[in-house]
Amino acid sequence: GAEADRLEQVRLNISGSRVRAYGRIISAATDEHEAFSVSYELVTTESGVTRRLSIRMLKASGESQLDISRDLDGRWMVQSPDSAVHSDFGGAETIDVELSPFFKTVPIRRFGLARGESSVQLPVVYLSLPSCSVDQVDMTYEFRGSEVGLIHPEGQATLLVDDEGLATDFRGIATRI
């Protein structure tokens, strides 16, 4: 991140609106949480709708795994080693991961915000880190030239995006290198 207490690395395979991403988020210990590392794999459909997110979290206090998948009927299943929860999450079709610049760009690409679409408000499945709690939240994306304004659970933010709709700067959070 921009404050150097967090790093996200992601390898993308993009074909049209379809995305397959393999990534890792590493965070140093802060006053709010212990140090952690999260590895993930995200798969979307041809239309950019999230199909599956697999998470593996490592912390000094232990390891955890979480699989979040969406079936063709729009039902989500959140599966951990201890439980499985089914929900429609308010009609959400995408996942956001707390403080991840990459996950903020999935709807930007899907809805064409980098190519002139003006604004979209949508429900998302929201994964909080490092707690791995999952909730449905509403997020608003507003296109403003090369900037995308974002209203999300962490507050308001501005993303600078390239022509592909991928974040180059998540102001105050991260900068792409």
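As the structure is a computational prediction, the values presented were derived from the model and not from experiment.
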Considering only heavy atoms from C-beta outward, does the side chain of Met57 approach that of Phe36 to under 4.5 Å? yes
Which heavy-atom pair separates Gly91 from Pro123 by the least distance, and what is that distance? C-CG, 4.0 Å
For Arg24, what residues pass the salt bridge (Lys or Arg N to Asp or Glu O under 4.0 Å) criterion, not counting sequence neighbours? none
Let's go through Arg52 and Asp67 carefully: what are the C-alpha distance in whole Å and the side-chain angles of both, what is the deciding distance for salt bridge (charged side-chain N to carboxylate O under 4.0 Å, His left out) to 0.1 Å, and is it a yes or a no? CA-CA 7 Å; Arg52 183 183 78 248; Asp67 288 307; 5.7 Å; no
List for me each residue that meets ring pair (Phe, Tyr, Trp, His ring centres under 6.0 Å) alongside His86, sequence neighbours excluded, and say none if there are none. none
Set of salt bridge (Lys or Arg N to Asp or Glu O under 4.0 Å) partners for Glu32, sequence neighbours left out: none
Sequence neighbours excluded, every pair satisfying ring-ring contact (aromatic ring centres under 6.0 Å, His included) that has a member inside residues 37-66: Tyr40-Phe103
Verdict with supporting geometry, Glu34 and Ser61, side-chain contact (heavy atoms from CB on, under 4.5 Å): CA-CA 8 Å; Glu34 66 182 308; Ser61 62; 2.6 Å; yes
Mind checking side-chain contact (heavy atoms from CB on, under 4.5 Å) for Glu147 and listing every partner two or more places apart, or none if nothing turns up? Arg144, Thr158, Leu160, Arg171
When rounded to the nearest 0.5 angstrom, what is the spacing between OG1 in Thr140 and CG in Leu150? 8.0 Å
Distance-only donor-acceptor check, side chains Glu41 and Ser54, under 3.5 Å: no
Where Ala28 and His33 come nearest, the two heavy atoms and their spacing: O-CE1, 3.4 Å
Across all chains, not counting sequence neighbours, the salt bridge (Lys or Arg N to Asp or Glu O under 4.0 Å) partners of Arg18 are Glu46
If we ignore angles and hydrogens, is there a donor and acceptor under 3.5 Å between the side chains of Gln65 and Ser80? no
